[in-house]
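A, B, ... follow the sequence lines: proteins, then strands. Residue 1 opens every chain. Atoms considered below: every heavy atom in the structure, side chains included; atoms not considered: hydrogens, waters and symmetry mates.
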There are 2 protein chains.
Amino acid sequence: MEREAIDQVRRFNRLVSQRIGALDDDFLARGRPLSEARLLHEIGSGHSNLSELREQLGLDSGYFARLLRSLESQELVETRAAPQDARARTLHLTARGEEEFAAYEGLSDAAADNLLQSLSETQQNRLTTAMAEVERLLRAAKISIALEDPRSADAAFCLGEYYAELDRRFDSGFVPDPDAPEEEYRQTTFLVARLKNNPVGCGMLRPLDHDIGEIKRVWTAASVRGLGVASRIMDRLESAARDQGCKRVRLDTNGTLKEAQAMYRKRGYREIPRYNDNPFAQHWFEKTL
Amino acid sequence: MEREAIDQVRRFNRLVSQRIGALDDDFLARGRPLSEARLLHEIGSGHSNLSELREQLGLDSGYFARLLRSLESQELVETRAAPQDARARTLHLTARGEEEFAAYEGLSDAAADNLLQSLSETQQNRLTTAMAEVERLLRAAKISIALEDPRSADAAFCLGEYYAELDRRFDSGFVPDPDAPEEEYRQTTFLVARLKNNPVGCGMLRPLDHDIGEIKRVWTAASVRGLGVASRIMDRLESAARDQGCKRVRLDTNGTLKEAQAMYRKRGYREIPRYNDNPFAQHWFEKTL
DNA sequence: CCATTTGTCTGACTTAAGTCAGGTAAATGG
DNA sequence: CCATTTACCTGACTTAAGTCAGACAAATGG
């Protein structure tokens, strides 16, 4: 199973990189080095900030400057001083640049369409559906989850976002608890999910009783919802609880958080009577580990 | 819809080529140019014929020789004269080469596993399933279907394979009709499906009555079954029939060809009474276009 | 207001990757 | 058996892609 999955991924990579390689060569077809074509494409797609773009493409600043000079000498791109900072530069396509950009777009579209056209309609639909799934999951795989100090800046950011959302969604609004004492922090397992170093989710576990843990503050940024981040956080928190010797975990929630409740039930949580005096809680759940 | 599908394909390509690029760089991590690493990998995977491999990788013969010299000087690869032809050479890994090959394999496995490990188990299954689907369909998309003279070598090859298979599968064996007269060929629409110029499927349409066409000899090579090639051939034949003014198409089949019958029914064919005297036919179908 | 940092640029270099024009020896077809 | 083809090789070259050290001017922080 394991072996099969790895082989599938590797076969996929091999096949796709051939295919994609072939598509990329179409870029070359317009008689321009690939790096220039790519840069032109990025500028045309609205990246007008030089340093940001260089950072994103991960290129050496000298090399990048030279690529720009080349595009300028072809009169495809103009650079202007940035309004706020005379050292920085902004990038813009000229009219000719726009034309070239459109030509590349047309080529890329044609290549994609060509691929689709060699399939029946049913197959086309299956292909795009499967591609969307692969894309979604590759995106999800880029998100890493790690232990974090609950007093760190990233933890604070996640909690801030979480509280703001609760305040928006609860009928009664929401006011967070005051900060927990040091003692409590020490016993807390706090996880942060990150996409390229940006925090996009969190969740925590704390002891409730000698063999019961409580899961709290599971949050996912809107930008990454539907990627199963909350599930992965829950997985990790539950296995942490198990490692700490808990037999059961509990959690509470508000009636307006329907998706969360659906997830809890799907993960095997059962509704139980009120076990705390949280004024914002309307449902209480428990799962036996 | 169209637009969305194209965008999905392009988004997928972009995302995947980044990911794959990152995987490929891992090859570089062993301090060897990518082309050498790739060549080593191919030789290790059992490609021992120099000219075949060069052909497959599409490399210049001079360049290829140089790559080989480099691998030889690193004592990773040995070349020997081919037994049947003293001009040709065969390629083999040395013991050190095997070690390096195993190291690359390990790295690739680790990269794939690393990707999988950052997903939940459910997500891993979904990812590999979707990848298998994409792979299957990309493979299918490489198959092109084109009009062909029914007397060409490729058509003869397909028909030969088709008849051989019928002979194997029919309880009574199978003996093909003698060649049709020129007149009949002229009215026949013959299609051949090809994968990289190798014929892997065929199918034909001929007029049966003034507004009825007959589909015959739809065959798919075992190596590409399950990729929907037969469906695509049927699509093309039916639309050819429509273009020729047919209102209905008919076909006959033998009882042992269960998959074919299932496909016909799925495509809207209904069983009808015997309409010809084909001694090998046991079922007759018709579809209104 | 001055030392330092930041954002961009130039010049001099390297490496990977590939092309092209021949050259040699074995095989092959008439 | 000889002219031609085939399979591989070498040497001389090119191009894309990138690295690195340092230069310069604007911004910034104390």
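- Put simply, CG on B:L59 is 14 Å from P on D:dC9, counting in whole angstrom units.
- Note: CZ (B:F64) to P (C:dA17) measures 14 Å, nearest angstrom.
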What verdict does the side-chain hydrogen bond (donor to acceptor under 3.5 Å, both in side chains) test give for B:R232 and A:Q123, after you've listed the backbone C-alpha separation in whole Å, the side-chain angles of each residue and the deciding distance to 0.1 Å? CA-CA 10 Å; B:R232 280 169 59 199; A:Q123 287 178 317; 4.6 Å; no
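- A:A164 pairs by the side-chain contact (heavy atoms from CB on, under 4.5 Å) definition with A:R168, not counting sequence neighbours.
- Residues passing the ring-ring contact (aromatic ring centres under 6.0 Å, His included) test with B:Y163, sequence neighbours excluded: B:F174.
- Annotation: side-chain contact (heavy atoms from CB on, under 4.5 Å) contacts of B:T94 (sequence neighbours excluded): B:E78, B:R96.
- The pair A:R3-B:D109 meets the salt-bridge criterion, with a side-chain N (NZ, NE, NH1 or NH2) lying under 4.0 Å from an Asp/Glu carboxylate O.
- Taking the side-chain contact (heavy atoms from CB on, under 4.5 Å) definition, one finds that A:R87 meets it with A:D85, sequence neighbours left out.
- At whole-Å resolution of the value, CG in A:L57 and C1' in D:dA17 are 14 Å apart.
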Any chance you could list the contact pattern along nucleotides 10-16 of chain C? Use B for base contacts, S for sugar-phosphate-only contacts and - for none, protein heavy atoms under 4.0 Å, 5' to 3'. BBB---S
Sugar-phosphate means primed atoms, P, OP1 and OP2; the rest is base. With that split, encode nucleotides 25-30 of chain D 5' to 3' as B, S or - using protein heavy atoms under 4.0 Å. -BS---
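- One can place CZ of A:R89 at 15 Å from C1' of C:dT6, the figure rounded to the nearest angstrom.
- Between B:E36 atom CD and C:dG18 atom C1' the separation is 14 Å, expressed in whole Å.
- The interatomic distance linking B:L68 (CG) with D:dT10 (C1') rounds to 14 Å, in whole Å.
- To the nearest angstrom, P of C:dT8 lies 4 Å from CG of A:L50.
- Partners of B:E105 by salt bridge (charged side-chain N to carboxylate O under 4.0 Å, His left out), not counting sequence neighbours, listed by chain and number: A:R10.
- Nucleic acid contact class of A:L67 (heavy atoms, under 4.0 Å, all strands): none.
- Residues that satisfy the side-chain contact (heavy atoms from CB on, under 4.5 Å) test with A:E52, not counting sequence neighbours, are A:N49.
- Legend: residues meeting ring-ring contact (aromatic ring centres under 6.0 Å, His included) with A:F101, ordered by chain and number and at least two apart, are A:H41.
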